[in-house]
Amino acid sequence: VIAGQVKGRTLLPLPMGAHMASQAGDKDNNNNIVHGELSAHDRALVHSIESVVIDWTHQIAKVLKQSSAQPLLEGKNPGPLVELDFWKARAANLMCIFEQLNDTKVRKMAELLRKTNSTYFPAFLKMYKDVVGALDEAQDINAYLRPLNRIFDDLEQEELPDMFRFIQPLLHTIGMLWGASKYYSQPGRIIVLLQEIGNMLIDYANTFLDPTEMLKGEPEETIEKVRNSIKVLLEYKEQFENTRKDIGKYFKEGQTVLKWEFANQLVFTRYDAFIKRMRLVEEVFETAIEFAKLEKIEFGGMKGRILSHNVV
């Protein structure tokens, strides 16, 4: 178990004497198992297998309960790569579990449980089916999320103002993901991804503007950077609305169209607060620029000296 944690995989420990399961099962030829005539050694082996099935059930249940939304629920602000990495790792881990459950020794153990009419055999079957279902889901989602990797890689190479041209292709790809993936077309999942993309753009804006340096530069240059940032941030919201409006085009003819009927606040609460903050920063610099113009003004006339003094 510890070795599995080190490797980032769920490894299922085999019971002592697992290699004897096939030999015990072969005794069915003598009708011993059918009539409940198990030796003490075989009864101990069955009990050992039943105990390990309980342990496996807990191990696997912990894996199945994992959610990509957990960082958001914990109050963190992860980017979309966290979502992509989660499903990639989940698919690999579930494949690892699936291969272990299909191992010859494990199949012999399951067969022994079946032949002895163990009450744990249905639990083993359910656990196996749950793993197969979760693996199918994770592989489907991982496959359809993969195209986003390229867009995120391209975004990473650009300055924030240049990201403007990537926003529409990004939302188009998400629309295709929604229409094509069997398992990702659920509001709870797409909301997580859209929130994380918003977090990514906020991080890029913070990096581009560098809050510690904003008040040290020329106001005219800084306000231009602020406006460019706001432009990109608003483009994401606009393309989100366009994709929501045209979501039907991402479904094949005859397919049931699943609309984005969730409230905007579920996606944009933090994002809108950040844009509001940016608007405030823009207003501060606009005011600063206007006041700076007064430095160059000299009033003439009889009251010129008094008015100039008042302006200063």
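- Ring planes of Trp260 and Trp178: perpendicular class, angle over 60° (limits at 30 and 60°).
- Within a 6.0 Å radius of CE in Met214, more than 12 heavy atoms belonging to other residues, nucleotides or ligands are found.
- Transitive grouping of hydrophobic side chains (ILVMFWY, heavy atoms separated by less than 4.5 Å) brings Leu307 and Leu294 into a common cluster.
- No side-chain heavy atom of Asp130 sits less than 4.5 Å from a side-chain heavy atom of Ile60.
- Applying the 6.0 Å contact sphere to CD of Glu298 captures no more than 12 heavy atoms from other residues, nucleotides or ligands.
- The backbone N or O of Val63 sits less than 3.5 Å from a side-chain atom of Arg90, completing a donor-acceptor pair.
- Of all non-hydrogen atoms in Lys216 and Thr212, the two that sit nearest each other are CE-O, 3.5 Å.
- In this structure, Gln195 contributes its side chain and Leu266 its backbone to a donor-acceptor pair below 3.5 Å.
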Exercise. Please report the C-alpha distance between Ile174 and Ile197 in whole Å, then the side-chain angles of each, then the deciding distance to 0.1 Å, and finally whether the side-chain contact (heavy atoms from CB on, under 4.5 Å) criterion is met.
Key: CA-CA 11 Å; Ile174 291 172; Ile197 291 171; 3.3 Å; yes
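- Between the side chains of Asp136 and Tyr183, a donor-acceptor pair is found at a separation under 3.5 Å.
- At distances below 3.5 Å, at least one donor-acceptor pair connects side-chain atoms of Lys225 with backbone N or O atoms of Phe208.
- The residue from Asn242, Asp272, Asn264 that alone fulfils the side chain to side chain donor-acceptor pair (under 3.5 Å) condition with Lys237 is Asp272.
- Under the ring-ring contact (aromatic ring centres under 6.0 Å, His included) test applied with Tyr236, the options Tyr204, Tyr271, Phe166 reduce to a single match, Tyr271.
- The hydrophobic cluster containing Met127 does not contain Ile54, counting ILVMFWY residues as joined when their side-chain heavy atoms lie under 4.5 angstrom apart, directly or transitively.
- Heavy-atom minimum distance, Leu64 versus Leu94: CD2-CD2, 4.0 Å.
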Quiz item: Hey, mind stepping through Met200 and Leu155 against side-chain contact (heavy atoms from CB on, under 4.5 Å) and telling me if it holds?
Solution: CA-CA 10 Å; Met200 175 189 71; Leu155 283 170; 3.6 Å; yes
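- To the nearest 0.5 Å, the span separating NZ on Lys303 from OG on Ser308 amounts to 13.5 Å.
- Side chain of Asn142 to main chain of Ala91: no donor-acceptor pair is present (N/O by atom type, distance under 3.5 Å, no hydrogens or angles).
- Put simply, OG1 on Thr10 and CG on Asn93 are 3.5 Å apart, with the number rounded to the nearest 0.5 Å.
- Counting heavy atoms from C-beta outward, Thr243 and Tyr250 have side chains that approach closer than 4.5 Å.
- Contact detail for Tyr144 and Ala180: the closest heavy-atom pair is CE2-CB, 3.5 Å.
- Using a 4.0 Å cut-off between charged nitrogen and carboxylate oxygen, Glu261 and Lys259 do not count as a salt-bridge pair.
- Using a cutoff of 4.0 Å between basic side-chain nitrogens and carboxylate oxygens, Glu286 and Arg227 are scored as salt-bridged.
- By the 6.0 Å contact criterion, CG on Leu73 is enclosed, its count of non-hydrogen atoms from other residues, nucleotides or ligands being greater than 12.
- Annotation for Pro219 and Ile289: closest pair CB-CG1, 3.7 Å, computed over non-hydrogen atoms.
- A pairwise comparison of heavy atoms in Ala138 and Trp87 identifies CA-CE3, 4.0 Å as the closest pair.
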Quiz item: Between Leu145 and Lys88, does a side-chain contact (heavy atoms from CB on, under 4.5 Å) hold up when you go through it step by step?
Solution: CA-CA 9 Å; Leu145 282 176; Lys88 182 180 178 181; over 6 Å; no
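- When all heavy atoms are compared, the tightest approach of Asn228 to Pro161 is CB-CG, 4.1 Å.
- At least one donor-acceptor pair under 3.5 Å links the side chain of Gln100 to the backbone N or O of Leu12.
- Side-chain contact between Val82 and Ser68 is absent, with no heavy-atom pair separated by less than 4.5 Å.
- Hydrophobic clustering of Ile, Leu, Val, Met, Phe, Trp and Tyr side chains at less than 4.5 Å, counting indirect connections, keeps Leu72 apart from Ile190.
- The CG atom of Leu209 sits 4.0 Å away from atom OG of Ser229, with the distance rounded to the nearest 0.5 Å.
- For the atom pair CG of Asp203 and CZ of Phe274, the computed distance is 8.5 Å after rounding to the nearest 0.5 Å.
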Practice problem: Take Val311 and Phe291, measure what side-chain contact (heavy atoms from CB on, under 4.5 Å) needs, and give me the verdict at the end. | Solution: CA-CA 10 Å; Val311 167; Phe291 271 103; over 6 Å; no
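- Between Val106 and Leu14, the closest side-chain pair of non-hydrogen atoms falls below 4.5 Å.
- Put simply, the side chain of Thr57 gets close to the backbone of Val53: a donor and an acceptor are under 3.5 Å apart.
- Taking hydrophobic clusters as Ile, Leu, Val, Met, Phe, Trp and Tyr residues chained together by side-chain heavy-atom distances below 4.5 Å, Leu11 does not share a cluster with Phe124.
- Taking the six-membered ring for Trp and thresholds of 30 and 60 degrees, Phe240 and Phe262 have ring planes inclined between 30 and 60 degrees apart.
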Self-check item: Intermediate values then yes/no, side chain to side chain donor-acceptor pair (under 3.5 Å), Tyr184 and Asp140
Solution: CA-CA 8 Å; Tyr184 209 74; Asp140 173 86; over 6 Å; no
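- Side chains of Glu283 and Met278 form no contact here, defined as non-hydrogen atoms less than 4.5 Å apart.
- One N or O on the side chain of Thr222 and one on the backbone of Glu218 form a donor-acceptor pair closer than 3.5 Å.
- Proximity of a side-chain donor or acceptor of Trp56 to a complementary backbone N or O of Pro13 within less than 3.5 Å is detected.
- Between Tyr120 and Ser51, every side-chain heavy-atom pair lies at or beyond the 4.5 Å cut-off.
- Put simply, CD on Glu196 and CG on Leu84 are 9.0 Å apart, with the number rounded to the nearest 0.5 Å.
- Counting only heavy atoms from C-beta outward, the side chains of Gln157 and Asp162 never approach each other to under 4.5 Å.
- Looking at heavy atoms from C-beta onward, Phe251 lies in side-chain contact with Leu258 at the 4.5 angstrom threshold.
- Within 6.0 Å of atom CZ in Arg150, 12 or fewer heavy atoms from other residues, nucleotides or ligands are found, so the atom counts as exposed in its surroundings.
- A salt bridge links Arg165 and Glu158; the closest N-O separation between the charged side-chain nitrogens and carboxylate oxygens is under 4.0 Å.
- Phe86 and Met95 are members of different hydrophobic clusters when ILVMFWY side chains are connected at heavy-atom separations under 4.5 Å.
- Using a 4.0 Å cut-off between charged side-chain N and carboxylate O, Glu111 and Lys108 make no salt bridge.
- Rounded to the nearest 0.5 angstrom, Leu171 CG and Gln168 CD are separated by 8.0 Å.
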Self-check item: Full working for side chain to side chain donor-acceptor pair (under 3.5 Å) between Gln70 and Gln66
Solution: CA-CA 8 Å; Gln70 194 58 39; Gln66 290 172 348; over 6 Å; no
